[in-house]
Amino acid sequence: MCCTPSLTHESEVGVAKGRPGPLGFYLASGWLLVCVFTAFFGDFFPLPKWDEYDYDNLGLPLFSDGHLLGTDYDGSDVLSGLVHGARTSLGISFTAVFIGSVIGGLLGIVAAYRRGWVDSVVTMYFNVSLAIPTIVLTLVMVALFATPNVDDPSSGWPRELVLIISLTLVIIPILGRLARGSALSWSGRDFVLVAESIGMKKRSILRTHIIPNVLPSMMSVAFLAAGVVIVIEGGLAILGVGANPGASWGSMLAKNRGELAITPHTTLVPAGVIGLTVMALNYFGDYFRLRIDDRESRI
Amino acid sequence: MKYRVALKNLAKAVLVLFLVTFSISILVRWLPGDPIEILMPFATEEGRAALRAELGLDINVVQYYFSWLFDLLRGDFGVWYASTGDGGGVPVRSMLAVALPRSLLIMLYTMVVSIVFAVPLGIFLAYRAETRTDKTISNVLFAVSSIPSFAIGLALAFVVGVQLDLLPVIGYVPFAENPSEHFRSLVMPVVSLSIGLIATFSRLLRVDMIATLREDFVTMASSKGLSNMWILWRHVLRPSSSTLMTSAALQMGALIGGAVVIESVFALNGFGMLLTTAIATRQYLAIQSLVALIAIAYIVFNLIVDVLYAVVDPRVRGGRG
Amino acid sequence: MNSMMSIGNLHVRFATPFGSLEAVRSVDLEIPAGASVGIVGESGSGKTVACRAAMGLLSGSNVQRDGTVVFDGKELTAMTREEVRNEFGTGMAMIFQDPMTALNPVRRIGTQLSESLRLRLGMDKKAALARSAELLSLVRIPDPEAMLKKFPYQLSGGMRQRVMIAIAISCNPKLLFADEPTTALDVTVQAQILQLLSELRRDLKMSMVLITHDLGVVANHTDFVAVMYAGEVVEQATTAELFANMKMPYTQALLNSIPNIEMKSGERLQVIEGRLPNPVDRPKGCGFVTRCSYAQQKCHDEHPPLLDAGNGHLYRCWYPLGHTIARKP
Amino acid sequence: MNKLSRGNHRKVAFVMAMALVASLSQVAPAAAKGDDIVILIGEKDSGWCAQDSPGLDQISAKNAVAETLTIMNEKGKIVPYLAKTVENSADFKTWKFTLREGIYFHDGEELTAATVLANVAANLGLNPLIPASLPAIAWQDGFGGVTSLAQFAAKAQALGKYVVQFNLPAPRPLFNESWYANGRPVIWSTKTLQTKACGTTVGAGTGPFKIRSKGVDQFQTVLEANPNYWRKDAAGKRLPKAATVTYKVVLDAAQRTNALVKGQADIATFGASSGPQLNEMKKNAKLVLFEGRRDTTWSFHMNTTAAPFNSKSARLAFSYAIDREALAKVVAKGNADAAYCFGATYHPYNLSNGGKKKCATFDLAKAKQYVAAYKTETGKDLTVLLPTTESTESAKANQAVCNMLKKAGAACSLMPPVTATAVILRGFALQQQVSWFNVVAGYSPAFADLFSRKTNLELSGFRFTNPGLAACFQTALETNAAAKYQECAAVLHGEAYWVPTYNEGGFIVARNTVTGLGETPLPVGGKRPVVGLSGFDIASVKVSD
């Protein structure tokens with residue numbers, strides 16, 4: 001209470017004051033809800049198909065008849081692209097981050113709590129996979145799994161699935177390291193020692209003391225990671241290993257990048273949508289973190 | 001005691017290096033398609049057998065790995081086979097001699113620029129934490145950091161390069177050839193890569209600095225009558241920089257191979273393009289050597305950061321913390 | 001006697017989402033030149049905030065400070081931040097509670113000590129370091145030259161506190177705030193540090209404000225005492241007068257909560273039951289009412305004003321000690 | 001120490017900032033002026049050796065250094081070039097090339113009959129199954145499939161210092177064209193042939209420019225004028241006009257456009273797939289566009305030895321499903337034509353003469369019908385796998401094709417470039433069902449050759465298993481009769497082995513300061529086309545200040 005620093009405008013109470021206000025929260029979650037809704041029910045919207053080219057309407061500007069957000073220079077409808085892209089981008093990013101944080105989180109927590117050789121092995125795994133570049137990993141994964149056997153062209157795994165797997169592999173060590181660090185600091189706290197001293201089983205200590213405390217910071221970072229994955233996927237699209245051209249927000253950007261000077265809206269609009277989503281995810285993550293901080297402080 | 005810790009870290013680093021290169025050996029072998037067919041589609045039987053032996057396809061992966069490793073340790077990075085050649089090619093080392101310095105410089109400049117801009121920005125945001133200024137800038141930074149670098153690069157090329165006619169839009173000029181052109185040729189690529197990093201770094205720094213600003217020693221410094229700028233730069237920055245350094249080390253490794261898209265846009269033709277081409281054309285030896293270099297870079301930067309931790313925070317030197 | 005600092009009707013409010021939190025309210029305090037004033041109160045009573053507010057160390061969009069603070073003839077409350085900052089170090093200085101957290105862990109003792117000499121007094125680097133060594137010997141640190149090169153974590157708690165005192169007095173301040181300077185230390189070191197402070201105060205002719213929760217410390221090292229409770233000054237007198245003629249049940253409770261050598265074995269230390277009132281939603285009567293064994297209905301209904309018992313002895317109680325009627329069974 | 005390093009940080013930051021400011025404040029550099037020409041090309045390649053597979057952009061650079069015995073003039077006719085005369089017997093079995101005298105390689109060697117024989121010998125044994133070795137196909141086929149020097153010696157001989165004679169086992173009416181083959185079979189000096197790196201990083205030819213430096217990564221090639229060049233301009237003045245030429249590889253078409261508009265380059269080449277950029281540049285008064293004849297046909301061809309395209313129904317379904325008009329628009333934005341039958345209308349294979357199209361064209365109903373027929377035949381759904389390259393255009397075009405197939409009821413997926421590149425490199429798609437292939441060779445006998453060589457048909461990526469077709473093309477090749485070619489082409493299309501999609505020409509865009517493009521006279525009269533099948537001639541090109 002006493003130690004309000006003079007230097008910053010933030011103080012302990014200041015944080016409370018600076019908590020994301022309800023308006024921002026509603027805006028952010030509203031945007032995410034719209035995106036998620038679109039991802040699920042986009043097919044029912046009365047729109048042209050995202051991957052069909054309207055050959056007579058190349059590069060229509062915004063607010064054209066029949067094409068609300070115009071078309072790109074290939075004649076595909078930008079709005080339908082965004083609607084379809086919501087499913088691909090969010091699907092890939094949310095799934096990869098969710099699975100990645102569950103696996104990474106568990107590995108990290110177990111490593112931190114068991115210490116010894118388990119910790120060494122898990123940490124080594126994190127370091128090794130961090131040292132392998134994302135691009136190499138994804139290129140190899142796509143070559144390995146997303147390539148249909150020529151004798152049976154329907155045999156390869158869907159590209160999106162392979163992307164999810166490789167991005168999950170990218171996420172695991174990042175969130176895993178975070179979880180390990182956080183679990184390490186929590187497991188040194190007094191209440192854990194107390195629990196141990198009264199003979200509580202390791203597993204129940206993990207369940208009741210460590211995991212609930214590690215979870216909040218993991219979740220706030222996971223929200224950020226979800227945003228980052230949306231962006232990474234766009235970068236992969238340029239190398240031809242991302243989603244098909246125009247199938248995700250990132251690949252819309254990648255596909256239309258050459259026409260930036262000619263039909264700027266076809267890059268700016270998807271970039272704006274990605275930006276908004278990443279911002280909303282960040283906001284949500286922040287809100288989440290502060291809510292949890294709040295909970296802790298009330299205990 | 002200290003030396004033992006250092007040795008232990010070094011041993012771990014070597015083990016990581018070993019595991020990375022070994023797993024790449026295995027992964028590369030799994031890649032679909034017979035490399036002989038790809039690298040030497042029209043060779044004679046003897047030629048095929050020779051290449052098969054050279055690529056170690058006739059021995060098991062462990063033997064092959066070690067023979068590659070010993071070659072690498074001797075400085076032999078393998079051969080880059082001409083795409084439709086008869087098994088002849090260019091040494092990977094001579095390809096690297098062209099590509100690696102470029103990528104390292106781009107990485108270095110990007111880091112310097114990102115940090116030079118991110119640090120004051122992070123300090124400013126922490127100083128103004130939770131004010132409207134902070135929130136506005138933070139949100140803008142987030143939006144900007146979510147735009148992929150290639151989009152920023154192309155937009156810059158068009159606006160700064162073509163419309164304002166300020167900078168060259170393509171090409172790389174070596175420093176030795178013309179220092180000022182060298183910098184000019186790299187401004188846009190470096191800026192495209194930096195913008196996202198500036199956003200990331202300044203936000204990381206902001207969070208850590210806000211925590212540090214709550215420390216008593218900041219109030220103490222303030223009560224000594226020191227100016228805010230002095231306190232922020234001299235008292236708060238250093239104890240708040242560990243996350244930033246960790247993140248920077250990770251990014252450096254990633255930038256060397258990961259700038260491929262920017263390399264392509266600005267016709268810089270560095271390490272990233274080499275790597276992706278190597279994978280697409282199944283340059284087995286090259287892939288392994290290139291990935292090994294990235295892993296080495298990753299490890300070296302992490303070791304450097306460990307040393308920097310000690311420079312920045314004396315408690316680490318003392319064996320605490 | 002000249003006034004070194006005069007605090008008039010000081011209020012400090014923090015804006016919170018739950019409403020305005022009034023941490024300090026209507027504090028009047030006089031710090032005579034050359035005198036030592038003790039501010040006593042339990043944790044959260046607002047003593048630290050009051051002092052920091054008086055110095056001008058609190059700022060931010062969520063902090064609101066009202067009242068006047070006159071320091072050495074200058075009205076601090078009317079000055080800009082820059083002007084106030086110019087008073088820091090040379091005019092006013094502060095010693096913090098926990099020397100572990102108040103010294104920057106990543107900077108050398110010498111750097112931290114000499115920087116104010118260089119920045120505030122304009123000394124060059126060499127002179128500043130020489131002076132720093134002198135200051136360290138002044139606070140009785142052995143081998144000051146070696147000490148300059150050390151980092152805070154390499155020092156013991158007592159040493160760190162001495163370093164902090166050295167930093168605080170480095171620019172010869174006229175007024176020294178010592179915010180619980182000994183809480184973080186063990187008992188033997190506590191006594192040495194307090195002794196040192198008193199001697200320094202005398203030698204350097206400083207005024208001092210000693211913030212503590214320990215009435216025992218106050219008894220030995222101060223000339224005047226102000227007791228704070230829930231953001232208010234509830235009792236104020238010269239030290240001698242206060243101990244001779246204690247008016248507030250709260251002050252007495254504080255006194256009883258100090259361990260005493262004369263305590264018989266088996267006797268239990270008295271604790272003050274209950275909690276400080278919620279600063280956002282204060283009771284309308286006396287803030288101590290729920291914890292006071294003397295409380296009457298009036299204490300619930302009306303906020304007691306500051307009353308004068310003569311001799312400059314002020315107190316804030318409807319039923320002060322020594323008052324015959326009001327004792328509860 | 002801490003103090004010091006901290007001080008340095010500031011200094012370093014300051015210096016960096018100043019350097020940035022200084023470099024920004026400078027005015028942009030002037031474009032390469034006068035004698036130095038900068039040309040941007042959109043394609044990286046592995047080298048210029050005969051076995052390498054340079055594309056058009058690289059060939060234009062390669063032909064600035066090394067030249068061919070014959071060449072195509074602006075009317076599309078093959079004329080002698082390094083050779084002074086080319087004579088043949090009436091049965092097209094004996095060919096005599098008389099070389100020009102006094103032509104010297106950059107390394108000082110004189111061009112003689114021996115050099116030509118050494119060049120042919122160096123290319124024996126190359127695998128003719130990949131397009132890269134189209135010249136090898138032509139040569140080897142011409143010699144009846146010889147693979148050893150001993151066999152070769154009997155069939156080719158020097159009749160004098162400057163005369164070479166080839167005795168072919170079968171009639172080859174277009175043997176002179178084999179020595180042009182879009183600029184591929186260049187004549188290197190004997191020393192160049194002896195190095196492994198023949199033209200990859202070094203090499204001496206007879207061309208107007210010699211190699212000054214060529215990066216191992218093939219991204220930048222700097223050439224300098226050959227002072228002893230044999231050709232002169234129309235006024236009899238020395239060629240080449242420029243002092244240096246720099247070829248830079250810029251993969252991104254938008255960036256080639258930017259650099260050109262900005263003046264960082266003088267000339268850039270584009271394919272029709274850069275349609276959006278071309279359309280923009282057409283509006284820019286500072287730039288001049290040259291479009292070559294639309295004689296490159298992008299086609300699909302199918303592997304008939306394996307499912308699904310061993311079924312004629314599958315092939316017909318594919319052929320009818322593709323809307324050529326739409327595809328041309330998707331890919332080229334008005335800078336290419338739909339190809340209904342093979343090639344441009346003047347091509348000997350072309351069947352659409354007189355408006356009577358004899359080829360399968362877009363017809364969704366028929367496509368659906370054949371998809372269904374395939375299902376009844378085999379019990380399986382028709383599934384097609386299209387290989388893509390890294391380029392966005394390739395992915396876009398393939399996706400459009402996939403959509404068309406899906407509309408017809410067939411399944412379709414894209415093969416990722418990381419795998420497709422490998423498969424494509426692998427001796428022309430040994431495993432592929434379908435490949436996208438550009439047939440540049442308007443008149444190249446080498447192309448027909450692919451169908452006529454029975455063994456190749458079985459091994460190559462084309463894998464046509466139709467002996468009748470092979471024989472047909474063999475006859476056409478030996479007689480060079482357009483009618484015969486059309487007859488074979490009719491079979492080709494009737495069986496839907498071959499699905500042409502669109503025809504494109506190359507584009508050269510130059511700044512209006514560039515002069516002399518396409519003005520170099522050929523020694524036998526006439527000119528090279530501005531944009532030809534082997535790129536363009538830069539001997540007379542100059543940039544005015």
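Throughout, a chain's letter reflects where its sequence line sits, starting with A, and its residues are numbered from 1.
In this structure, the side chains of C/Asn104 and B/Arg238 stay at 4.5 Å or more apart for every pair of heavy atoms. Counting only heavy atoms from C-beta outward, the side chains of B/Leu226 and C/Arg85 never approach each other to under 4.5 Å. Proximity of C/Gln112 to B/Met220: side-chain heavy atoms (C-beta onward) are nowhere separated by under 4.5 Å. At a threshold of 4.5 Å between non-hydrogen side-chain atoms, the residues B/Lys224 and C/Leu119 do not count as touching.
Across all their heavy atoms, B/Trp230 and C/Glu115 have their closest contact at NE1-OE1, 2.7 Å. When all heavy atoms of C/Pro105 and B/Phe217 are compared, the closest pair comes out as CD-CE2, 3.4 Å. Nearest heavy atom pair, residue B/Val312 against residue C/Val106, reads O-CB, 3.4 Å.
Of the listed residues (C/Val84, C/Asn86, C/Ile167, C/Thr90), the one with the most heavy-atom contacts under 4.5 Å to chain B is C/Ile167. Each of C/Arg120, C/Met55, C/Met94 has some count of heavy-atom pairs under 4.5 Å with chain B, and the biggest count is that of C/Arg120.
Annotation: residues 132-140 of chain C contacts chain B through no residue [non-hydrogen atoms, separation under 4.5 Å].
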> Could you go step by step and tell me if C/Phe177 and B/Ser223 meet the side-chain contact (heavy atoms from CB on, under 4.5 Å) rule?
Replying inline: CA-CA 10 Å; C/Phe177 287 91; B/Ser223 80; over 6 Å; no
